[in-house]
S.K.: 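Quick one: structure below, then a few questions.
Chain A is the first sequence line, chain B the second, and so forth, proteins listed ahead of strands; every chain is numbered from 1.
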Protein chains: 2
Amino acid sequence: MNLKEFAKAIGMSQTTVSRALSGYPEVKQETRQKILKLAQELGYHPNRSAAGLATGRAGAVGIVLREGRGFDPNTTEFMAGLANRLETRQIDILISVVEDRQQELAAYQRLAGSKRVDAIILHTPTVDDERMDVLKKLKIPFIVHGRGADGGDYPWLDIDNYGAIYRATSYLLDIGHRHIGMINGSRGDVFAEHREQGYRNALKERGIVFRSDLLTSGAFIDDVGYRSMQDFLSLSEPPTAVLAGSMMTALGVMRAVRSAGLQLGADVSLIAHDDVFNYINADNMVPTVSTTRSSMRDAGVRIGDILLQMLAGRDMSGHREIWPVELVLRESTRPPRK
Amino acid sequence: MNLKEFAKAIGMSQTTVSRALSGYPEVKQETRQKILKLAQELGYHPNRSAAGLATGRAGAVGIVLREGRGFDPNTTEFMAGLANRLETRQIDILISVVEDRQQELAAYQRLAGSKRVDAIILHTPTVDDERMDVLKKLKIPFIVHGRGADGGDYPWLDIDNYGAIYRATSYLLDIGHRHIGMINGSRGDVFAEHREQGYRNALKERGIVFRSDLLTSGAFIDDVGYRSMQDFLSLSEPPTAVLAGSMMTALGVMRAVRSAGLQLGADVSLIAHDDVFNYINADNMVPTVSTTRSSMRDAGVRIGDILLQMLAGRDMSGHREIWPVELVLRESTRPPRK
DNA sequence: TTGAAAGCGGTACCAC
DNA sequence: GTGGTACCGCTTTCAA
């Protein structure tokens, strides 16, 4: 059934029906209620393609994920929050998966050019990220989860990665650690650079010399945590405390510590960054793991909010948000053995 | 730029341009190449809403996820495969997130009614699943990942959950275990029922009496594994081997075993089902974990294949696929202590 | 507050 | 092999 048929069936004009269903104010309250009810009963749903063609809006936002990186638990958690928020306005999320940067740019071209989405969400910006410029040229609204190296003139929302690691490192120094290892995110990702700065500055302020053999970087997977920790433990002067970039990394670290016959907390301290997943919980580990905590899901919800405002035509170009990160101390952090 | 403008700019008719871009055979090869090149250069992309309106096809498939269940690592892995396959034909994936079954059905109504998607992917069917009937009534093509309790007359792809657990259980019995715990998926999910059948039948064939205190069920999260295992260990006759429904569950099991001062492999054997994630690896655990293995990602790719055929108009209604599951033995399985 | 009708940008039938 | 043009179903201006 289309609008014409439906309007005829209930004895109204197409115009009035369309207005009633789209919530325009000029329709009498009573008329709207009646139409809404009838649409429900007869099962009439406006055709999205037709509406999109007429309005120029797609009613969807796009997000492009890179093969092998995209669908990790982090992104996933973020999307759950995002979807949850957008669902309230019937805005759908359109997902594309690409293999490399090249293809990603092509995907933006396609999504924007064919007007398949009204806005785009960019995530995990890198130090030399060209994507923001590309999207600007394509004239499609976008928001960045994370931030560019330049903190550019587009809306973004990021957590305080610098502050989180600065505080975590400072805390470890406060309780006496002098050799602190760090297993960071991938080199070139802005958030990882920020974390490294936080780490280095905390060390510098206490006059501790930075040791390059105590810093590794890589994807947030168990294996990277394991190998990095093994490498650390084989050093002539191994770290007495370690910062892990994610809970997955932390799992690997814990594994390496156990394999070496050491005890977490007692022999080696650990603070991991926790994006808060429901299927893996720092409080449930043995020992419980200290974390710098920030909810990926909440970030998704908030970005959904901002997107909805952008779609409503509000100018959000100057919007920036930096979320503080909690430091939650648990059993995995103790002063070093004498 | 729209078709009219573009066609005029390159001195061709709209018809020819449209046909060339959509790959219709009647256009001369040479003409097509020229048009393709020009479109690229001038940055012309057909408007998807307009094309959708004219063809009645949306160029997207939909998948509805339930809050708190949807975006787990399993679904996520599946989607990566799916997206990868659909991308080759520029079919997008549209995601909706809902809170309960009620809302899920409403989402299908909306997706189908407004012709936002051309097909729908259903996953994790339950024993009394009404969704397949709803979609049939909505007359929208769909495919099920998993299968209904009735193995109904719609396309589906599933792994051999029954066989996987039957074999795993049989193996444990073969090497001498007589008390085998099972931490299953959520009650009511068809795959979990199949697994339970496999478990029970293997026991029955060896004349082992089923013990209800050795069977638990719940979400595939670390915590459920931990608690279930703790409960098992507190029994007067605890199991000497355990089947875990997922790798997340396995992590919890391992935690409980360690907490109890026991050693995996030596004191308690473990076989976990592994959907193959890249960020957590059974080979990397200590000890390495035996698994029943099936790639969620591959299933996503294959479902993408089938969907593309359905969209091409092929009748797939009788399509069924059951994938075998590998049993991979590692260090976590050993004969019970005497 | 309601209605008639002109687009929105493609597709695909029909003619050449 | 190529081109003219009547739709596809909704939104929104303009008029009543």
Side-chain angles (χ1 to χ4, degrees), chain A residues 1-36 38-39 42-60 90 110-118 311-313, chain B residues 1-36 38-39 42-60 90 110-118 311-313:
Chain A
M1 172 160 33
N2 60 27
L3 176 57
K4 198 169 174 180
E5 293 163 8
F6 175 63
K8 181 183 287 178
I10 67 170
M12 298 256 157
S13 77
Q14 299 184 34
T15 315
T16 304
V17 171
S18 171
R19 288 205 269 238
L21 261 27
S22 304
Y24 280 54
E26 54 263 60
V27 183
K28 209 201 299 179
Q29 209 31 248
E30 187 188 334
T31 316
R32 183 197 312 288
Q33 291 307 331
K34 198 175 94 191
I35 294 178
L36 245 30
L38 257 18
L42 300 184
Y44 167 68
H45 291 266
N47 178 306
R48 254 322 304 186
S49 293
L53 177 55
T55 59
R57 275 174 281 113
Q90 315 237 115
R110 186 171 68 83
L111 290 176
S114 62
K115 297 226 164 34
R116 230 185 188 314
V117 299
D118 300 319
L311 296 190
Chain B
M1 173 160 34
N2 60 27
L3 175 58
K4 199 168 176 179
E5 293 163 8
F6 175 63
K8 180 181 289 178
I10 67 170
M12 298 257 157
S13 79
Q14 298 184 33
T15 312
T16 304
V17 171
S18 173
R19 287 206 267 241
L21 261 26
S22 303
Y24 279 55
E26 54 263 61
V27 184
K28 209 203 300 180
Q29 216 21 256
E30 186 188 334
T31 315
R32 183 197 312 288
Q33 292 308 330
K34 199 176 94 189
I35 293 178
L36 245 31
L38 257 18
L42 300 184
Y44 167 67
H45 292 266
N47 179 307
R48 253 321 305 187
S49 293
L53 176 56
T55 59
R57 276 174 281 114
Q90 318 239 108
R110 185 170 69 83
L111 253 30
S114 62
K115 297 226 164 32
R116 259 220 119 136
V117 299
D118 300 320
L311 297 190

S.K.: Between B/Ser114 (side chain) and B/Arg110 (backbone), is there a donor-acceptor pair under 3.5 Å?
M.R.: yes
S.K.: Expected output is a numbered-order residue list: members of residues 2-12 of chain A with a heavy atom under 4.0 Å from any atom of DNA chain D. What is it?
M.R.: A/Asn2, A/Leu3
S.K.: Which residues satisfy the salt bridge (charged side-chain N to carboxylate O under 4.0 Å, His left out) test with B/Arg116, sequence neighbours excluded?
M.R.: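 B/Arg116 satisfies salt bridge (charged side-chain N to carboxylate O under 4.0 Å, His left out) with A/Asp92 only.
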S.K.: Mind checking what makes side-chain contact (heavy atoms from CB on, under 4.5 Å) contact with B/Ala58, not counting sequence neighbours?
M.R.: B/Asp118
S.K.: Tell me every residue that passes side chain to side chain donor-acceptor pair (under 3.5 Å) with B/Gln29, counting only those two or more places apart in sequence or in another chain.
M.R.: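 Once residues adjacent in sequence are excluded, the partners of B/Gln29 under the side chain to side chain donor-acceptor pair (under 3.5 Å) criterion are B/Gln33.
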S.K.: If a pair satisfies salt bridge (charged side-chain N to carboxylate O under 4.0 Å, His left out) and one of its residues is in residues 11-24 of chain B, list it, with sequence neighbours excluded.
M.R.: B/Arg19-B/Glu26
S.K.: Please report the distance, rounded to the nearest Å, between CD in A/Gln29 and C1' in C/dT1.
M.R.: 13 Å
S.K.: So what does A/Thr31 hit on the nucleic acid, given a heavy-atom distance under 4.0 Å: a base, only sugar-phosphate, or nothing?
M.R.: sugar-phosphate
S.K.: Could you state the atom-to-atom distance from CG of A/Leu53 to C1' of C/dT11 in whole Å?
M.R.: 12 Å
S.K.: Output the rounded distance in Å from CD1 (A/Ile35) to P (C/dG3).
M.R.: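 Going from A/Ile35 (CD1) to C/dG3 (P), I get 9 Å.
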S.K.: Give the angle between the helix axes at the two ends of the helix from C/dT1-D/dA16 to C/dC16-D/dG1, taking five base pairs at each end and rounding to 10°.
M.R.: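 End axes: 30° apart.
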S.K.: Could you list the residues that satisfy side chain to side chain donor-acceptor pair (under 3.5 Å) with A/Thr55, not counting sequence neighbours?
M.R.: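 Checked A/Thr55 against side chain to side chain donor-acceptor pair (under 3.5 Å); zero matches.
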S.K.: Using the 3.5 Å cut-off, write out each protein N or O paired with an N or O of nucleotides 12-15 of chain C and the distance between them.
M.R.:
residue : atom : partner : partner atom : Å
C/dA12  : OP2  : B/Tyr24 : OH           : 2.3
C/dA12  : N6   : B/Thr15 : OG1          : 3.3

S.K.: Residues in side-chain contact (heavy atoms from CB on, under 4.5 Å) with B/Ala50, at least two apart?
M.R.: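 B/Ala50: side-chain contact (heavy atoms from CB on, under 4.5 Å) contacts with A/Leu53, B/Asn47.
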S.K.: Looking at residues at least two apart in the chain, or sitting in another chain, which of them share a side-chain contact (heavy atoms from CB on, under 4.5 Å) with B/Glu5?
M.R.: B/Met1, B/Asn2
S.K.: For A/Ser18, is there any backbone N or O sitting under 3.5 Å from a side-chain donor or acceptor partner on A/Ser22?
M.R.: yes
S.K.: With rounding to the nearest 0.5 Å, note down the distance linking CG in A/Leu42 to CD1 in A/Ile10.
M.R.: 7.5 Å
S.K.: Roughly how far apart are B/Tyr44 OH and B/Ile35 CD1, rounded to 0.5 Å?
M.R.: 11.0 Å
S.K.: Tell me if a side-chain donor or acceptor on A/Arg32 pairs with a main-chain N or O of A/Tyr24 at a distance below 3.5 Å.
M.R.: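 Yes, A/Arg32 side chain to A/Tyr24 backbone: donor-acceptor pair under 3.5 Å.
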S.K.: Just to verify, what does B/Thr16 make a side chain to side chain donor-acceptor pair (under 3.5 Å) with, not counting sequence neighbours?
M.R.: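 Side chain to side chain donor-acceptor pair (under 3.5 Å) list for B/Thr16, sorted by chain: B/Ser13.
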S.K.: When you list every nucleotide of DNA chain D with an atom under 4.0 Å from a heavy atom of chain A, which one comes first 5' to 3', and which comes last?
M.R.: D/dG9 to D/dT13
